[in-house]
Student: 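This is the structure, below, for whatever I ask next.
Side chains are part of it too, since the values below use all heavy atoms of this structure and drop only hydrogens, waters and symmetry mates. Numbers here simply count residues along the sequence, with the first being 1. As the structure lists them, so they are numbered: ligands from 1, and atoms in each ligand from 1.
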Amino acid sequence: MTIGAQTGKHTQSGATATQRIVETFRKNRLIPVIVIDDVKQAVPLARALEEGGLPCAEITFRTPRALEALEKISAECPGVLVGAGTVLTPRQAADARSAGAKFVVAPGFGAAMVDYCIEHDLPVFPGIATPTELEFALSRGLSVVKFFPAESLGGIAYLKAMSAPYGNVGFLPSGGIGLSNLAAYLSSPRVVACGGSWMAPAEWISAGQFDRIRDEVRKSVEAALAIKGER
Ligand code: 3PG
């Protein structure tokens, strides 16, 4: 089994929805984590990500208008792979799905939410921080999980030690990652992609600084592609 071969229905191409999302993450190497307050900023933000070379966004459900922002990006920016983050309940997962989310990310392992996503064939990447939590994910047939909060937990050294007993698991680390420590993560074959808010911080979004976001994304994409590793 290759990393990312999670359970799920196979499409005509033979890959599950999750496998296709994981392949996109692996190719992009980065996942912009977005906190957005104003729906009007959603489409300009998505375009800035696209122009920067990273047509992907995890819209976190941490603000009242996040769902509408996700819906708008899904409807108006077909080239952007949009998902929902900070999804804690089955209801939120259902809302994300109806709004057009192609994947769901969570900070922790919410069993009811994860089971909802698996039942509805919605790619889900719950957060784990310990071997026990990783085993919850493995018991559901998941093989790619979020690793959160990466830096506070001990960074790549902890991730390597914690995951050593388990083969074929891929990680999406996030929490405290930026240009200065990206290489440590992306050079590990265990890391599928790194998530983070540094490319599009909430203050830049609310201030409408989309050129700045585009430039930071471009710089980050170039940095990520230049990182060599055993991948
Ligand atoms: C997440 O939800 O993945 C994190 O909040 C992102 O962490 P960061 O803001 O430190 O990048």
Student: Tabulation required: pairs of a nitrogen or oxygen in ligand 1 and a protein nitrogen or oxygen under 3.5 Å; columns are atom names and distance to 0.1 Å; otherwise 'none'.
Tutor:
{"unit_1": "ligand 1", "atom_1": "2 (O)", "unit_2": "Arg62", "atom_2": "NH2", "d": "2.4"}
{"unit_1": "ligand 1", "atom_1": "2 (O)", "unit_2": "Lys146", "atom_2": "NZ", "d": "3.2"}
{"unit_1": "ligand 1", "atom_1": "3 (O)", "unit_2": "Lys146", "atom_2": "NZ", "d": "2.7"}
{"unit_1": "ligand 1", "atom_1": "3 (O)", "unit_2": "Ser174", "atom_2": "OG", "d": "2.5"}
{"unit_1": "ligand 1", "atom_1": "5 (O)", "unit_2": "Arg62", "atom_2": "NH1", "d": "3.4"}
{"unit_1": "ligand 1", "atom_1": "5 (O)", "unit_2": "Arg62", "atom_2": "NH2", "d": "3.2"}
{"unit_1": "ligand 1", "atom_1": "9 (O)", "unit_2": "Ser197", "atom_2": "OG", "d": "2.6"}
{"unit_1": "ligand 1", "atom_1": "10 (O)", "unit_2": "Gly176", "atom_2": "N", "d": "2.8"}
{"unit_1": "ligand 1", "atom_1": "11 (O)", "unit_2": "Ser197", "atom_2": "N", "d": "2.9"}
{"unit_1": "ligand 1", "atom_1": "11 (O)", "unit_2": "Ser197", "atom_2": "OG", "d": "3.3"}

Student: Once rounded to the nearest 0.5 Å, what's the spacing between atom CG of Leu186 and atom CD1 of Ile156?
Tutor: 9.0 Å

Student: Identify the heavy atoms of Val192 and Val22 that sit nearest to each other, and give their distance.
Tutor: CG1-O, 4.0 Å

Student: When you measure from the side chain of Glu133 to the backbone N and O of Ala129, does any donor-acceptor pair fall under 3.5 Å?
Tutor: yes

Student: Indicate yes or no for a side-chain donor-acceptor contact from Ser188 to the backbone of Ala184 under 3.5 Å, with no hydrogens or angles considered.
Tutor: no

Student: Can you label the angle between the Phe147 ring and the Tyr158 ring as parallel, tilted or perpendicular, going by 30° and 60°?
Tutor: parallel

Student: Just one of Leu81, Leu122, Val124 clears the side chain to side chain contact (heavy atoms under 4.5 Å, CB included) bar with Phe103, so which one?
Tutor: Leu81

